[in-house]
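Each remark here refers to the structure printed beneath this line.
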Amino acid sequence: MNLLKRLLGQDTLDEHQHRSLGAFGTVTLWLGANVVVTTILTGMLLVPDLAFTTAMGAVLTGSLIGAIPLLLVGLMGQRTGLPSMALTRRAYGPLGSRLISLVNMAVLIAWSWIQALLAGMSLDYAIEATTGYSNLPLMTILCETVVVLIVLRGHLGIERVERWAALAMVGLAALVLYQLNRHYDVSALLDMPTESRHGITLGIAFDIVIATAFSWISSSADYNRNCRSGAIAIWGTYSGYVLAAMIAMGLGAAVSGLSVLNGMQQTYDPTRLLSGFGFGLPAALVIFFSVMTTNVMAVYSATLSCMNVSPGMAFWKPALVIGVVTVFGALIPGILDQFQNFLLLIGALFIPAFSVMIVDYYLVGREGYSAELLTSRHQLGRPTAAIALGAYVLGAALAAWWTLVAPLPFGASLPVFLITGGVYWLGTRVVPQARHPVSRV
């Protein structure tokens with residue numbers, strides 16, 4: 001029993017966590033998390049709808065901007081020692097925080113479904129290439145089982161795995177680029193004509209890139225609360241994320257463009273696409289491990305979200321239950337066909353939610369951002385829950401309208417972020433009680 005306790009993670013929601021992440025660990029954590037197949041797929045969506053240089057410009061600009069809220073939330077976690085969903089209790093109150101946690105948990109589970117299926121596809125390809133045996137459902141179940149076992153070890157196990165995954169994925173990108181240069185005219189990408197295949201405009205591309213950054217915003221404090229200093233939390237996250245986005249989305253855009261130029265069929269399975277370049281089996285193995293590590297982070301953060309809904313729950317219990325749910329969800333037919341819409345949904349749900357939280361902490365005031373958030377039955381500090389929820393609903397509605405009904409030529413992400421935060425800030429200025437801290441515990 002004692003051995004089992006040592007193997008299982010003892011992670012909690014309070015500030016009593018290991019300050020285990022140094023500069024290298026933080027950079028590699030976010031590098032390993034984002035140099036992954038789903039980010040490569042995002043780059044594949046952009047070309048040939050956009051010119052290659054235009055697509056890469058959108059990736060760089062969107063990543064530089066989108067990563068700012070990511071690191072701001074991560075810094076909140078480093079300063080307070082609390083995970084992302086626990087921090088939402090200050091602005092939204094305990095009930096609002098639980099509702100957001102449920103939404104976050106659902107999105108992360110759906111994200112894990114996509115990751116598990118991609119890992120299963122890569123492993124299935126590797127097994128089939130070496131033995132001739134193919135069973136995608138079985139391989140998907142095996143991949144997600146390994147994910148659950150890693151998550152049960154807690155954040156210390158994740159941090160160790162991520163370091164090796166980051167180095168492996170950077171090595172993969174270098175080897176793939178080497179293969180592309182050997183067999184194809186990479187310079188032809190610069191003159192490649194555009195062709196509308198996915199309906200991607202520059203505004204939508206910018207939105208998708210920002211949505212990719214925002215897909216991690218609900219988890220950033222979960223990991224950065226373990227950083228040794230605020231400077232490490234800021235620069236380690238920023239450099240690791242932006243570098244990862246450029247490598248992964250750039251690789252995806254290049255592979256997509258070259259496949260079109262050479263008359264190859266585009267596919268959601270990057271392993272099979274890379275096999276056309278003579279690099280199938282090694283890519284399958286490395287892609288398998290990279291997807292697994294990203295999936296581990298999604299399941300871990302979903303577990304913390306569940307713990308925020310029901311404080312006092314032992315870490316291993318929700319981790320195990322969520323793991324079982326993700327195993328079977330990954331087998332849903334046609335889930336990858338909704339990948340682009342899923343990215344846009346993330347933006348609609350999380351851009352306004354965390355815009356409110358960032359404005360509350362950095363502009364309105366920091367009263368109540370303490371461990372008392374986890375035990376209080378009422379909102380600590382200023383009573384802003386109604387204002388926060390109203391601003392969030394407005395922001396989510398605008399995001400959905402400007403994304404699905406009347407798309408803006410420059411994208412909806414930044415306008416929604418600024419409008420939601422501005423409405424919340426104005427609300428706290430107008431309502432007298434919101435300007436003065438009150439303690440109700």
Side-chain angles (χ1 to χ4, degrees), residues 9-21 26 29-30 69-105 108 151 154-156 158-159 216-234 236-237 297-298 300-315 318-319 350 353-382 384-385 388 392 437 439-441:
Q10 305 298 318
D11 298 33
T12 62
L13 297 181
D14 60 34
E15 74 278 17
H16 300 300
Q17 288 288 113
H18 302 87
R19 297 291 184 176
S20 52
L21 274 176
T26 304
L29 177 77
W30 291 106
L70 178 71
L71 64 89
L72 288 176
V73 174
L75 182 60
M76 293 170 63
Q78 195 280 328
R79 288 176 173 176
T80 63
L82 302 177
S84 301
M85 290 298 105
L87 291 170
T88 63
R89 288 171 172 248
R90 217 320 300 154
Y92 292 96
L95 178 59
S97 176
R98 286 184 172 90
L99 293 174
I100 291 174
S101 296
L102 288 172
V103 173
N104 184 54
M105 184 169 60
L108 287 171
V151 170
H155 76 95
L156 290 175
I158 294 173
E159 290 169 14
W216 285 106
I217 195 173
S218 65
S219 304
S220 57
D222 297 346
Y223 301 98
N224 282 16
R225 66 178 177 147
N226 301 304
C227 291
R228 293 173 186 167
S229 69
I232 288 175
I234 292 174
T237 302
M297 293 178 69
Y300 177 82
S301 289
T303 300
L304 293 185
S305 295
C306 186
M307 292 172 68
N308 188 53
V309 174
S310 181
M313 185 183 298
F315 172 80
F350 288 123
F354 286 89
S355 173
V356 167
M357 196 170 80
I358 290 170
V359 169
D360 186 67
Y361 183 82
Y362 290 99
L363 298 182
V364 176
R366 300 178 185 177
E367 299 88 3
Y369 280 96
S370 66
E372 289 182 280
L373 284 173
L374 301 175
T375 57
S376 176
R377 296 182 178 180
H378 303 284
Q379 187 176 14
L380 293 176
R382 307 163 305 284
T384 59
Y392 170 74
S439 179
R440 298 171 57 201
V441 295

How close do [X] and [Y] get, counting heavy atoms only, and between which atoms?
{"X": "Cys227", "Y": "Ala233", "answer": "SG-CA, 3.9 Å"}
{"X": "Ser97", "Y": "Asn308", "answer": "OG-ND2, 2.9 Å"}
{"X": "Pro83", "Y": "Ala221", "answer": "C-CB, 4.0 Å"}
{"X": "Ala388", "Y": "Ala91", "answer": "CB-O, 3.5 Å"}

* Show your working on side-chain contact (heavy atoms from CB on, under 4.5 Å) between Val73 and Ile358 and close with a plain yes or no. => CA-CA 7 Å; Val73 174; Ile358 290 170; 3.9 Å; yes

Side-chain contact, heavy-atom cut-off 4.5 Å: [X] with [Y]?
{"X": "Trp30", "Y": "Asn224", "value": "yes"}
{"X": "Trp216", "Y": "Asp222", "value": "no"}
{"X": "Leu70", "Y": "Thr237", "value": "yes"}
{"X": "Tyr361", "Y": "Arg79", "value": "yes"}
{"X": "Met85", "Y": "Ile100", "value": "yes"}
{"X": "Thr80", "Y": "Arg366", "value": "no"}

* Asked: Between Arg90 and Thr384, does a side-chain hydrogen bond (donor to acceptor under 3.5 Å, both in side chains) hold up when you go through it step by step?
  -> CA-CA 8 Å; Arg90 217 320 300 154; Thr384 59; 3.2 Å; yes

* Asked: Distance-only, no hydrogens or angles: does the Arg98 side chain make a donor-acceptor pair with backbone N or O of Val309 under 3.5 Å?
  -> yes

Distance from [X] atom [atom1] to [Y] atom [atom2], nearest 0.5 Å?
{"X": "Leu75", "Y": "Ser220", "atom1": "CG", "atom2": "OG", "value": "10.0 Å"}
{"X": "Arg225", "Y": "Leu21", "atom1": "CZ", "atom2": "CG", "value": "11.5 Å"}
{"X": "Leu304", "Y": "Met313", "atom1": "CG", "atom2": "CE", "value": "12.0 Å"}

* To do: Could you please spell out the steps behind the side-chain contact (heavy atoms from CB on, under 4.5 Å) verdict for Met357 and Leu87?
  => CA-CA 8 Å; Met357 196 170 80; Leu87 291 170; 3.9 Å; yes

* To do: Begin with the C-alpha distance, continue with both residues' side-chain angles, and end with the deciding distance and a verdict on side-chain contact (heavy atoms from CB on, under 4.5 Å) for Ile234 and Gln78.
  => CA-CA 10 Å; Ile234 292 174; Gln78 195 280 328; over 6 Å; no

* To do: Indicate whether any N or O donor in one side chain lies under 3.5 Å from an N or O acceptor in the other, for Asp360 and Tyr369.
  => yes

* Asked: Can you tell which of Ser301, Ser84, Ser305 makes a side-chain hydrogen bond (donor to acceptor under 3.5 Å, both in side chains) with Asn104?
  -> Ser305

* To do: I would like to know whether Leu108 and Ser219 meet side-chain contact (heavy atoms from CB on, under 4.5 Å); could you show each step before the answer?
  => CA-CA 9 Å; Leu108 287 171; Ser219 304; 4.1 Å; yes

* Asked: Mind checking whether Tyr300 and Tyr223 have parallel, tilted or perpendicular rings, split at 30° and 60°?
  -> tilted

